[in-house]
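Values in this document were obtained by computation on a predicted structure and should not be read as measured data. Every chain is numbered from 1 and lettered A, B, ... according to where its sequence line falls, protein lines coming before strand lines.
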There are 2 protein chains.
Amino acid sequence: MGEETDATLRERLVTAGGHLTRQRCAVYSYLRRARQHPTAEEVYLGVKKEMPRISLATVYKNLEALVNCGLATKVTAGDGAARYDIRTDHHYHSRCLKCGWMVDLDPEAEGALPELVRVPSNFEVSQYRIEVLGFCSDCREG
Amino acid sequence: MGEETDATLRERLVTAGGHLTRQRCAVYSYLRRARQHPTAEEVYLGVKKEMPRISLATVYKNLEALVNCGLATKVTAGDGAARYDIRTDHHYHSRCLKCGWMVDLDPEAEGALPELVRVPSNFEVSQYRIEVLGFCSDCREG
DNA sequence: ATTCTTGCAAAAGATTTGCAAACAA
DNA sequence: TTGTTTGCAAATCTTTTGCAAGAAT
(Lines give C-alpha, C1' and ligand atoms only; values in the text may rest on other atoms or scores of the structure.)
Protein backbone atom coordinates (compact mmCIF):
# COMPACT_ATOMS: atom_id res chain seq x y z
CA MET A 1 0.00 0.00 0.00
CA GLY A 2 1.18 3.55 -0.73
CA GLU A 3 2.81 5.55 2.02
CA GLU A 4 0.51 8.54 1.74
CA THR A 5 -2.38 6.16 2.12
CA ASP A 6 -0.90 4.85 5.34
CA ALA A 7 -0.38 8.41 6.50
CA THR A 8 -4.01 9.31 5.84
CA LEU A 9 -5.17 6.20 7.64
CA ARG A 10 -2.88 6.87 10.59
CA GLU A 11 -4.00 10.48 10.87
CA ARG A 12 -7.67 9.56 10.91
CA LEU A 13 -7.14 6.74 13.37
CA VAL A 14 -5.04 8.79 15.76
CA THR A 15 -7.61 11.58 15.70
CA ALA A 16 -10.17 9.02 16.77
CA GLY A 17 -7.86 7.71 19.48
CA GLY A 18 -6.82 4.57 17.64
CA HIS A 19 -3.68 2.79 16.50
CA LEU A 20 -2.32 1.99 13.06
CA THR A 21 -1.85 -1.77 12.89
CA ARG A 22 -0.77 -4.16 10.17
CA GLN A 23 -4.25 -5.69 10.13
CA ARG A 24 -5.91 -2.31 9.78
CA CYS A 25 -3.65 -1.35 6.89
CA ALA A 26 -4.38 -4.63 5.19
CA VAL A 27 -8.16 -4.23 5.54
CA TYR A 28 -8.03 -0.65 4.29
CA SER A 29 -5.78 -1.63 1.42
CA TYR A 30 -8.08 -4.46 0.43
CA LEU A 31 -11.08 -2.17 0.46
CA ARG A 32 -9.30 0.36 -1.72
CA ARG A 33 -8.43 -2.28 -4.28
CA ALA A 34 -11.81 -4.05 -4.22
CA ARG A 35 -13.65 -3.96 -7.53
CA GLN A 36 -16.97 -4.50 -5.81
CA HIS A 37 -18.38 -3.66 -2.41
CA PRO A 38 -17.24 -6.63 -0.39
CA THR A 39 -18.82 -8.24 2.65
CA ALA A 40 -16.82 -8.65 5.85
CA GLU A 41 -16.38 -12.30 4.93
CA GLU A 42 -14.97 -11.37 1.53
CA VAL A 43 -12.57 -8.88 3.06
CA TYR A 44 -11.53 -11.57 5.51
CA LEU A 45 -10.85 -14.13 2.79
CA GLY A 46 -8.97 -11.59 0.70
CA VAL A 47 -6.77 -10.29 3.47
CA LYS A 48 -6.20 -13.82 4.77
CA LYS A 49 -4.21 -14.62 1.65
CA GLU A 50 -1.42 -12.31 2.71
CA MET A 51 -2.02 -12.47 6.44
CA PRO A 52 -3.16 -16.03 7.20
CA ARG A 53 -3.59 -15.58 10.95
CA ILE A 54 -5.97 -12.63 10.83
CA SER A 55 -9.36 -13.40 12.34
CA LEU A 56 -12.81 -12.56 11.09
CA ALA A 57 -13.55 -10.70 14.34
CA THR A 58 -10.57 -8.45 13.71
CA VAL A 59 -11.84 -7.72 10.22
CA TYR A 60 -15.23 -6.75 11.63
CA LYS A 61 -13.61 -4.52 14.24
CA ASN A 62 -11.39 -2.86 11.67
CA LEU A 63 -14.17 -2.27 9.19
CA GLU A 64 -16.10 -0.61 11.97
CA ALA A 65 -13.04 1.49 12.84
CA LEU A 66 -12.74 2.62 9.21
CA VAL A 67 -16.39 3.60 9.13
CA ASN A 68 -16.05 5.44 12.42
CA CYS A 69 -13.13 7.53 11.25
CA GLY A 70 -14.81 8.37 7.96
CA LEU A 71 -12.76 6.25 5.59
CA ALA A 72 -15.46 3.84 4.52
CA THR A 73 -19.21 3.36 4.50
CA LYS A 74 -21.31 0.44 5.59
CA VAL A 75 -23.92 -0.45 3.02
CA THR A 76 -26.67 -2.66 4.31
CA ALA A 77 -28.24 -4.22 1.27
CA GLY A 78 -31.10 -5.70 3.20
CA ASP A 79 -30.56 -9.27 2.18
CA GLY A 80 -27.73 -11.17 3.79
CA ALA A 81 -24.51 -9.57 4.92
CA ALA A 82 -23.59 -5.89 5.06
CA ARG A 83 -21.21 -4.56 2.44
CA TYR A 84 -18.45 -2.00 2.75
CA ASP A 85 -17.78 0.86 0.39
CA ILE A 86 -14.56 2.85 0.22
CA ARG A 87 -16.52 5.90 -0.92
CA THR A 88 -17.77 8.26 1.74
CA ASP A 89 -19.19 11.05 -0.38
CA HIS A 90 -22.88 11.36 -1.12
CA HIS A 91 -23.84 8.82 -3.72
CA TYR A 92 -26.33 6.04 -4.38
CA HIS A 93 -26.33 2.39 -5.34
CA SER A 94 -27.85 0.10 -7.87
CA ARG A 95 -28.19 -3.58 -7.08
CA CYS A 96 -28.86 -6.50 -9.38
CA LEU A 97 -31.74 -8.58 -8.09
CA LYS A 98 -30.27 -11.69 -9.65
CA CYS A 99 -26.56 -11.67 -8.85
CA GLY A 100 -26.43 -8.98 -6.15
CA TRP A 101 -23.87 -6.90 -8.04
CA MET A 102 -23.78 -3.44 -6.53
CA VAL A 103 -22.63 -0.35 -8.43
CA ASP A 104 -22.10 3.24 -7.32
CA LEU A 105 -24.36 5.85 -8.86
CA ASP A 106 -23.47 9.49 -8.93
CA PRO A 107 -26.01 12.15 -8.02
CA GLU A 108 -27.17 13.97 -11.09
CA ALA A 109 -28.53 16.96 -9.28
CA GLU A 110 -28.40 18.02 -5.67
CA GLY A 111 -31.35 19.05 -3.61
CA ALA A 112 -33.93 17.43 -5.82
CA LEU A 113 -35.33 15.26 -3.07
CA PRO A 114 -38.22 17.54 -2.13
CA GLU A 115 -39.61 17.20 -5.62
CA LEU A 116 -39.69 13.45 -5.29
CA VAL A 117 -40.84 12.87 -1.74
CA ARG A 118 -43.05 14.71 0.66
CA VAL A 119 -41.27 14.67 4.00
CA PRO A 120 -43.20 15.82 7.09
CA SER A 121 -42.03 19.23 8.24
CA ASN A 122 -41.39 18.03 11.78
CA PHE A 123 -38.87 15.47 10.55
CA GLU A 124 -35.30 16.74 10.53
CA VAL A 125 -33.64 15.26 7.42
CA SER A 126 -29.95 14.52 7.79
CA GLN A 127 -29.40 12.32 4.75
CA TYR A 128 -31.19 10.14 2.28
CA ARG A 129 -30.44 6.98 0.39
CA ILE A 130 -31.53 5.85 -3.00
CA GLU A 131 -31.23 2.28 -4.12
CA VAL A 132 -32.05 1.33 -7.67
CA LEU A 133 -33.02 -2.30 -8.13
CA GLY A 134 -33.05 -4.19 -11.37
CA PHE A 135 -30.86 -6.33 -13.56
CA CYS A 136 -27.27 -5.78 -14.60
CA SER A 137 -26.14 -6.22 -18.20
CA ASP A 138 -24.96 -9.77 -17.58
CA CYS A 139 -28.15 -10.91 -15.91
CA ARG A 140 -30.69 -9.31 -18.26
CA GLU A 141 -29.40 -11.51 -21.04
CA GLY A 142 -28.91 -14.86 -19.29
CA MET B 1 -61.20 -8.97 12.25
CA GLY B 2 -63.66 -7.89 9.63
CA GLU B 3 -65.19 -10.51 7.37
CA GLU B 4 -64.33 -8.79 4.09
CA THR B 5 -60.74 -8.67 5.30
CA ASP B 6 -60.78 -12.40 5.86
CA ALA B 7 -62.29 -12.88 2.43
CA THR B 8 -59.53 -10.83 0.77
CA LEU B 9 -56.90 -12.75 2.67
CA ARG B 10 -58.44 -16.09 1.78
CA GLU B 11 -58.74 -15.19 -1.89
CA ARG B 12 -55.10 -14.17 -2.12
CA LEU B 13 -53.89 -17.17 -0.20
CA VAL B 14 -55.95 -19.66 -2.20
CA THR B 15 -54.71 -18.15 -5.46
CA ALA B 16 -51.20 -18.78 -4.21
CA GLY B 17 -52.09 -22.33 -3.21
CA GLY B 18 -52.35 -21.66 0.51
CA HIS B 19 -54.78 -22.06 3.36
CA LEU B 20 -56.52 -19.56 5.57
CA THR B 21 -55.62 -20.38 9.15
CA ARG B 22 -56.35 -18.77 12.49
CA GLN B 23 -52.71 -17.86 12.88
CA ARG B 24 -52.54 -16.25 9.47
CA CYS B 25 -55.63 -14.18 10.17
CA ALA B 26 -54.17 -13.06 13.45
CA VAL B 27 -50.86 -12.02 11.90
CA TYR B 28 -52.61 -10.16 9.10
CA SER B 29 -54.98 -8.51 11.54
CA TYR B 30 -52.10 -7.43 13.75
CA LEU B 31 -50.26 -5.94 10.80
CA ARG B 32 -53.34 -4.02 9.71
CA ARG B 33 -53.78 -2.55 13.14
CA ALA B 34 -50.08 -1.81 13.78
CA ARG B 35 -49.29 1.83 14.24
CA GLN B 36 -45.71 1.29 13.20
CA HIS B 37 -43.91 -1.16 10.93
CA PRO B 38 -43.31 -4.01 13.32
CA THR B 39 -40.54 -6.58 13.35
CA ALA B 40 -41.38 -10.29 13.29
CA GLU B 41 -40.65 -10.37 17.01
CA GLU B 42 -43.09 -7.54 17.66
CA VAL B 43 -45.80 -9.24 15.62
CA TYR B 44 -45.11 -12.42 17.57
CA LEU B 45 -45.43 -10.71 20.95
CA GLY B 46 -48.56 -8.87 19.85
CA VAL B 47 -50.35 -11.91 18.44
CA LYS B 48 -49.22 -14.04 21.38
CA LYS B 49 -51.48 -12.04 23.67
CA GLU B 50 -54.56 -13.47 22.05
CA MET B 51 -53.04 -16.71 20.85
CA PRO B 52 -50.51 -17.77 23.46
CA ARG B 53 -49.36 -20.96 21.74
CA ILE B 54 -48.36 -19.39 18.42
CA SER B 55 -44.68 -19.80 17.66
CA LEU B 56 -42.21 -17.28 16.30
CA ALA B 57 -41.46 -19.61 13.39
CA THR B 58 -45.11 -19.57 12.41
CA VAL B 59 -45.11 -15.79 12.49
CA TYR B 60 -42.09 -15.71 10.20
CA LYS B 61 -43.72 -18.17 7.82
CA ASN B 62 -46.96 -16.23 7.79
CA LEU B 63 -45.31 -12.88 7.24
CA GLU B 64 -43.52 -14.41 4.29
CA ALA B 65 -46.82 -15.81 3.01
CA LEU B 66 -48.40 -12.35 3.23
CA VAL B 67 -45.51 -10.82 1.31
CA ASN B 68 -45.69 -13.56 -1.30
CA CYS B 69 -49.38 -13.06 -1.97
CA GLY B 70 -49.01 -9.30 -2.19
CA LEU B 71 -50.66 -8.27 1.07
CA ALA B 72 -47.57 -6.88 2.81
CA THR B 73 -44.05 -5.69 2.16
CA LYS B 74 -40.81 -6.60 3.87
CA VAL B 75 -38.78 -3.53 4.72
CA THR B 76 -35.17 -4.25 5.53
CA ALA B 77 -33.95 -1.27 7.46
CA GLY B 78 -30.36 -2.37 7.41
CA ASP B 79 -29.85 -2.39 11.11
CA GLY B 80 -31.22 -5.28 13.10
CA ALA B 81 -34.41 -7.04 12.18
CA ALA B 82 -36.57 -6.67 9.09
CA ARG B 83 -39.84 -4.82 9.40
CA TYR B 84 -43.18 -5.50 7.78
CA ASP B 85 -45.42 -2.95 6.12
CA ILE B 86 -49.07 -3.46 5.30
CA ARG B 87 -48.73 -1.11 2.34
CA THR B 88 -47.80 -2.63 -0.98
CA ASP B 89 -48.06 0.38 -3.26
CA HIS B 90 -45.02 2.39 -4.36
CA HIS B 91 -43.90 4.57 -1.50
CA TYR B 92 -40.84 5.45 0.54
CA HIS B 93 -39.77 5.53 4.16
CA SER B 94 -38.21 7.87 6.64
CA ARG B 95 -36.38 6.45 9.60
CA CYS B 96 -35.32 8.14 12.82
CA LEU B 97 -31.66 7.54 13.52
CA LYS B 98 -32.25 7.73 17.25
CA CYS B 99 -35.36 5.70 17.96
CA GLY B 100 -35.76 3.79 14.71
CA TRP B 101 -39.27 5.09 14.12
CA MET B 102 -40.24 4.46 10.50
CA VAL B 103 -42.88 6.45 8.65
CA ASP B 104 -44.36 6.04 5.19
CA LEU B 105 -43.67 8.80 2.68
CA ASP B 106 -45.80 9.31 -0.37
CA PRO B 107 -44.24 9.95 -3.76
CA GLU B 108 -44.66 13.56 -4.74
CA ALA B 109 -44.06 13.05 -8.42
CA GLU B 110 -43.59 9.95 -10.52
CA GLY B 111 -40.78 9.34 -12.94
CA ALA B 112 -38.47 11.92 -11.44
CA LEU B 113 -35.70 9.47 -10.72
CA PRO B 114 -33.65 10.17 -13.85
CA GLU B 115 -33.23 13.76 -12.78
CA LEU B 116 -31.75 12.67 -9.51
CA VAL B 117 -29.55 9.74 -10.43
CA ARG B 118 -27.56 8.75 -13.45
CA VAL B 119 -28.23 5.06 -14.02
CA PRO B 120 -26.06 3.23 -16.58
CA SER B 121 -28.02 2.51 -19.75
CA ASN B 122 -27.22 -1.20 -19.61
CA PHE B 123 -28.91 -1.54 -16.23
CA GLU B 124 -32.56 -2.53 -16.43
CA VAL B 125 -34.36 -0.64 -13.67
CA SER B 126 -37.29 -2.46 -12.13
CA GLN B 127 -37.84 -0.40 -9.00
CA TYR B 128 -36.15 2.01 -6.68
CA ARG B 129 -36.20 2.77 -3.00
CA ILE B 130 -35.73 5.99 -1.17
CA GLU B 131 -35.01 6.12 2.53
CA VAL B 132 -34.87 9.46 4.31
CA LEU B 133 -32.79 9.39 7.48
CA GLY B 134 -32.91 11.94 10.26
CA PHE B 135 -34.67 12.67 13.50
CA CYS B 136 -38.36 12.48 14.30
CA SER B 137 -40.13 15.25 16.17
CA ASP B 138 -39.77 13.49 19.50
CA CYS B 139 -36.06 12.85 19.15
CA ARG B 140 -34.98 16.23 17.76
CA GLU B 141 -36.07 17.80 21.01
CA GLY B 142 -34.93 15.24 23.58
C1' DA C 1 -58.18 -37.94 1.31
C1' DT C 2 -54.85 -34.75 0.26
C1' DT C 3 -52.18 -30.90 0.94
C1' DC C 4 -50.78 -27.28 3.70
C1' DT C 5 -49.68 -25.43 8.31
C1' DT C 6 -48.33 -25.55 13.13
C1' DG C 7 -45.17 -25.77 16.96
C1' DC C 8 -41.05 -27.28 18.64
C1' DA C 9 -36.30 -27.81 18.61
C1' DA C 10 -32.23 -27.54 16.19
C1' DA C 11 -29.52 -25.34 12.64
C1' DA C 12 -27.66 -21.67 10.12
C1' DG C 13 -25.74 -17.13 9.01
C1' DA C 14 -24.02 -12.62 10.52
C1' DT C 15 -22.13 -10.00 13.94
C1' DT C 16 -20.59 -9.04 18.66
C1' DT C 17 -18.22 -9.82 22.95
C1' DG C 18 -14.96 -11.37 26.82
C1' DC C 19 -10.44 -12.01 27.72
C1' DA C 20 -5.39 -12.91 27.98
C1' DA C 21 -1.46 -12.17 25.16
C1' DA C 22 0.70 -9.07 21.78
C1' DC C 23 1.40 -4.65 19.88
C1' DA C 24 1.52 0.53 19.10
C1' DA C 25 2.04 5.00 20.99
C1' DT D 1 4.49 2.15 30.50
C1' DT D 2 -0.18 2.84 29.14
C1' DG D 3 -3.86 2.08 26.37
C1' DT D 4 -5.29 -0.25 22.16
C1' DT D 5 -5.69 -4.29 19.28
C1' DT D 6 -5.39 -9.13 18.20
C1' DG D 7 -7.03 -13.85 17.89
C1' DC D 8 -9.73 -17.24 19.74
C1' DA D 9 -13.86 -19.12 21.40
C1' DA D 10 -18.24 -18.45 23.01
C1' DA D 11 -22.35 -15.80 22.89
C1' DT D 12 -26.01 -13.20 20.64
C1' DC D 13 -29.42 -12.06 17.37
C1' DT D 14 -32.25 -12.93 13.41
C1' DT D 15 -34.08 -16.10 10.42
C1' DT D 16 -34.62 -20.71 8.45
C1' DT D 17 -35.42 -25.64 8.44
C1' DG D 18 -36.85 -30.62 9.52
C1' DC D 19 -40.41 -33.13 11.10
C1' DA D 20 -44.45 -35.32 13.33
C1' DA D 21 -48.99 -33.95 14.67
C1' DG D 22 -52.93 -31.09 13.54
C1' DA D 23 -55.91 -28.25 10.61
C1' DA D 24 -57.89 -26.64 6.14
C1' DT D 25 -59.55 -27.70 1.61
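The CD atom of B:Glu124 lies 6.5 Å from the CZ atom of A:Phe135; values are rounded to the nearest 0.5 Å. Interatomic distance, B:Arg24 CZ to B:Cys69 SG, rounded to the nearest 0.5 Å: 8.0 Å. Between atom CE of residue B:Met102 and atom CD of residue B:Glu131 there is a gap of 5.5 Å, rounded to the nearest 0.5 Å.
Rounded to whole Å, the distance from CD on A:Glu64 to C1' on D:dT4 is 14 Å. Rounded to whole Å, atom P of C:dT17 lies 14 Å from atom CG of A:Leu56. Rounded to whole angstrom, the span from the OH atom of A:Tyr84 across to the P atom of C:dT15 amounts to 6 Å. At whole-Å resolution of the value, NZ in A:Lys48 and P in D:dT6 are 15 Å apart. At whole-Å resolution of the value, NZ in A:Lys61 and P in C:dG18 are 10 Å apart. Taking atom CG of residue B:Leu63 and atom C1' of nucleotide D:dT16, one finds them 14 Å apart after rounding to whole Å. As a whole-Å value, the separation of B:Arg10 CZ from D:dA23 P is 16 Å. B:Leu13 has its CG atom 10 Å from the P atom of C:dT6, to the nearest Å.
When each of C:dT6, C:dG7, D:dG7 is scored by its nearest atom to the side-chain atoms of B:Arg24, the top-ranked nucleotide is C:dT6. When each of C:dC19, D:dT17, D:dT15 is scored by its nearest atom to the side-chain atoms of B:Ala40, the top-ranked nucleotide is D:dT15.
For the contact set between residues 14-23 of chain B and DNA chain C, defined by any heavy atom under 4.0 Å, the members are B:Gly17, B:Gly18, B:His19, B:Thr21, B:Gln23.
If you check the side chains of B:Arg12 and B:Thr8, you find no donor sitting under 3.5 Å from an acceptor. Between the side chains of B:His91 and B:Asp106, no donor N or O sits under 3.5 Å from an acceptor N or O.
At the heavy-atom level, A:Ala81 lies under 4.0 Å from the strands shown only through sugar-phosphate atoms. Nucleic acid contact class of B:Ala82 (heavy atoms, under 4.0 Å, all strands): sugar-phosphate only.
Nearer to the 5' terminus of DNA chain D, by closest-nucleotide assignment, is the contact made by A:Met51 (compared with the other of A:Met51 and B:Thr39).
For the OP1/OP2 pair of C:dT15 and a distance below 4.0 Å, the side-chain nitrogens and oxygens of A:Tyr60 include at least one atom meeting the criterion. Contact annotation: B:Thr58 side-chain N/O to C:dG7 OP1/OP2 distance is under 4.0 Å.
A salt bridge is defined here as a Lys NZ or Arg NE, NH1 or NH2 lying under 4.0 Å from an Asp or Glu carboxylate O, and B:Lys74 with B:Glu64 fails to meet this definition. By the 4.0 Å N-to-carboxylate-O rule, B:Asp85 lies too far from B:Arg87 to be salt-bridged with it.
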